[in-house]
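Throughout, protein chains are lettered first and strands after them, A, B, ... in sequence-line order, and every chain is numbered starting at 1.
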Number of protein chains: 2
Amino acid sequence: MGAVERTAGDEGGPWAEVGPDAARRLLIAAVDAFAERGYHATTTRDIAGRAGMSPAALYIHYRTKEELLHRISRIGHEKALEILRAAADRPGSAAERLADAVRSFVRWHAAQTTTARVVQYELDALGGEARAEIMALRRRTDAVIRDLIEDGARGGEFDVHDVEGTTLAVLSLCVDVARWFNAAGRRTPDEVGALYADLVLRMVGAKG
Amino acid sequence: MGAVERTAGDEGGPWAEVGPDAARRLLIAAVDAFAERGYHATTTRDIAGRAGMSPAALYIHYRTKEELLHRISRIGHEKALEILRAAADRPGSAAERLADAVRSFVRWHAAQTTTARVVQYELDALGGEARAEIMALRRRTDAVIRDLIEDGARGGEFDVHDVEGTTLAVLSLCVDVARWFNAAGRRTPDEVGALYADLVLRMVGAKG
DNA sequence: GGACCATCTAAGCGCTCGCTCAGCCTTCCG
DNA sequence: CGGAAGGCTGAGCGAGCGCTTAGATGGTCC
């Protein structure tokens, strides 16, 4: 209903950068609907209805329903990558940086479950170039974790037999949070992040 | 094409128990289609076409498209549960049984990716009683892993602070294999199973 | 005040969806 | 050989889909 205030930074909700206002409302409605029912089970009428608009209004701001998913997916992946990088680039030992990265990444997947669910599980609905673009972003995400594990392994800080496989497993663990996390449940995003950071340090055999 | 032979045991493909022949062909076609495109993006015409039949033939053997998913989901969950239980019930230390359970469970998710993908990721498309029935099966699966971890923790064999959270993480890790595993990739189901069993033992802080 | 542009809606087009039905084969039983 | 039963198909129904179009509305600049 009321207008969303824009603060100086990039805060003010996860979608503050999307404008104009009607376009953002439609996008947020689409995120909710896609997360709840999945892309293919969501109708453009449902999205428009959630945004308080007529079905035709959607096509003023987006060319197709798929473009909505594409925009959501790209922004979401970029946000996740940014969060991971920020943690990985901080000074500290490999163990500290890996734990920090996992903690932040998991916290995001838990706190923004609806977005994360769309980002992680609705990729298959994209085709052609859009899909290729998103998969490239995802490979960059994977690389951040792999580099952290490799650093720790090479420096003797970790005990890892299979860097590639362990990377896959760590990412798996983090991503799957979007599937099971329930905001109404007993755990907070912070608690899950802390638990998972600890588990990952064990997986890589961090000393201490 | 050729008829599927029935051997004495319960072998001869994962769907040998489903009959008659045309019903099984339709079900296998549905598993492939659901795994490839998702339930909502799959049409009954596609399923029938893959099985080499006309669209109307589907409705001789199944009342609705949803009933196909329900049948696939129940049989798949039962198979997964059976595999887990068989490993968990074998004699041995908690660590040995947990490693064995994870190894078997992961191997199944990797070797039967198409089935596992439908089982793990298309549950939301089921509604009402069907969904409740499947979720009960899933809770029984979760309980097997939790009991194993609890056993090891109580006996001092494991070092686990948060049994419930660690259980969630272990299941997460196993289930997500269905999402990323690629039969054409470099890893065999056996290799992934062995790697994941090792990682899980580290997560629970198994001595030795 | 009038032209212009962006935004939005009511109505609806063409299409494909899940599903149905009348009728044709094949098989089996006498 | 006749008749019943079940498996299957071709044709198609009603509904709902993604998306389009014509026109109403409201703000902005001359």
Side-chain angles (χ1 to χ4, degrees), chain A residues 1-4 15 18-34 36-73 118 122 124-128 130-131, chain B residues 1-4 15 18-73 118 122 124-131:
Chain A
M1 298 293 171
V4 175
W15 305 108
V18 180
D21 188 73
R24 180 171 55 252
R25 268 160 48 217
L26 283 164
L27 191 126
I28 292 171
V31 171
D32 288 347
F34 291 162
E36 208 174 299
R37 306 206 225 281
Y39 175 80
H40 289 292
T42 298
T43 70
T44 54
R45 283 164 176 82
D46 182 24
I47 296 169
R50 284 175 193 243
M53 306 170 82
S54 83
L58 195 152
Y59 293 91
I60 293 162
H61 301 282
Y62 302 93
R63 279 180 307 117
T64 62
K65 175 178 151 188
E66 187 176 338
E67 187 183 310
L68 256 171
L69 176 61
H70 183 198
R71 285 261 246 278
I72 292 166
S73 203
V118 177
E122 302 295 333
D124 287 348
L126 286 177
R131 187 186 168 124
Chain B
M1 304 281 173
V4 175
W15 306 106
V18 179
D21 188 73
R24 181 173 53 253
R25 268 161 45 217
L26 283 164
L27 191 126
I28 292 171
V31 171
D32 289 347
F34 291 163
E36 209 175 298
R37 308 207 223 280
Y39 175 80
H40 288 292
T42 298
T43 69
T44 54
R45 284 164 175 84
D46 182 24
I47 296 169
R50 284 176 193 243
M53 305 171 83
S54 83
L58 194 150
Y59 294 91
I60 295 163
H61 301 282
Y62 303 93
R63 279 180 306 117
T64 61
K65 174 180 153 187
E66 186 175 342
E67 188 185 308
L68 256 171
L69 177 61
H70 184 196
R71 285 260 246 278
I72 291 166
S73 202
V118 177
E122 302 295 332
D124 287 348
L126 286 176
E129 285 184 56
R131 187 186 170 125

Q.
Can you tell me how far apart CD (B:E67) and OG1 (B:T64) are? Round to the nearest 0.5 Å.
A.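 Interatomic distance, B:E67 CD to B:T64 OG1, rounded to 0.5 Å: 5.5 Å.
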**Q.** Rounded distance (nearest 0.5 Å) linking atom CZ of A:R131 with atom NE2 of A:H70
**A.**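 So the CZ of A:R131 and the NE2 of A:H70 are separated by 12.5 Å.
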Q | Any donor-acceptor N/O pair, B:Y62 side chain to B:L69 backbone, under 3.5 Å | A |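 Judged by distance alone, no pair lies under 3.5 Å.
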(Q) Strictly distance-based, threshold 3.5 Å: is any side-chain N or O of A:Y39 a donor or acceptor partner for the main-chain N or O of A:D124? (A)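 Answer holds: no.
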Q) Got a sec, which pairs hit salt bridge (Lys or Arg N to Asp or Glu O under 4.0 Å) with one end in residues 48-60 of chain A, sequence neighbours left out? A)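 Passing the test, one end in residues 48-60 of chain A: A:E36-A:R50, A:D46-A:R50.
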Q) If you look at every heavy atom in A:I47 and A:A29, which pair is closest and at what distance? A)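 It is O-CB, 3.5 Å.
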Q: Could you list the residues that satisfy side chain to side chain donor-acceptor pair (under 3.5 Å) with B:H61, not counting sequence neighbours?
A: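 Expected list: none.
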Partner set under side chain to side chain contact (heavy atoms under 4.5 Å, CB included) for [X], not counting sequence neighbours:
X: A:A48; value: none
X: B:R45; value: B:T43, B:P55
X: A:A41; value: A:R37, B:H40

Q. Just the endpoints, please: which first and last nucleotides of DNA chain D, 5' to 3', lie under 4.0 Å from a heavy atom of chain A?
A.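 Under 4.0 Å from chain A, the extent on DNA chain D is D:dC17 to D:dT21.
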**Q.** Along DNA chain C, first and last positions that approach a heavy atom of chain A under 4.0 Å
**A.**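 Contact span on the strand: C:dC8 to C:dG12.
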Q. Looking at residues 54-62 of chain A, who's got a heavy atom less than 4.0 Å off DNA chain C?
A.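 By residue number: A:S54, A:A56, A:A57, A:I60, A:H61.
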Q. Which residues satisfy the salt bridge (Lys or Arg N to Asp or Glu O under 4.0 Å) test with B:E66, sequence neighbours excluded?
A.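 Partners of B:E66 under the salt bridge (Lys or Arg N to Asp or Glu O under 4.0 Å) test: none.
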Q: Would you kindly check if the NZ (Lys) or CZ (Arg) of A:K65 is within the cone defined by 45 degrees around the ring axis of A:Y59 and under 6.0 Å from the six-membered ring centre?
A: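 No, A:K65 does not sit over the ring of A:Y59.
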Q) By a strict heavy-atom criterion of less than 4.0 Å, which residues belonging to residues 26-45 of chain B are in contact with DNA chain D? A)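 Of all residues in residues 26-45 of chain B, the ones placing a heavy atom under 4.0 Å from DNA chain D are B:R45.
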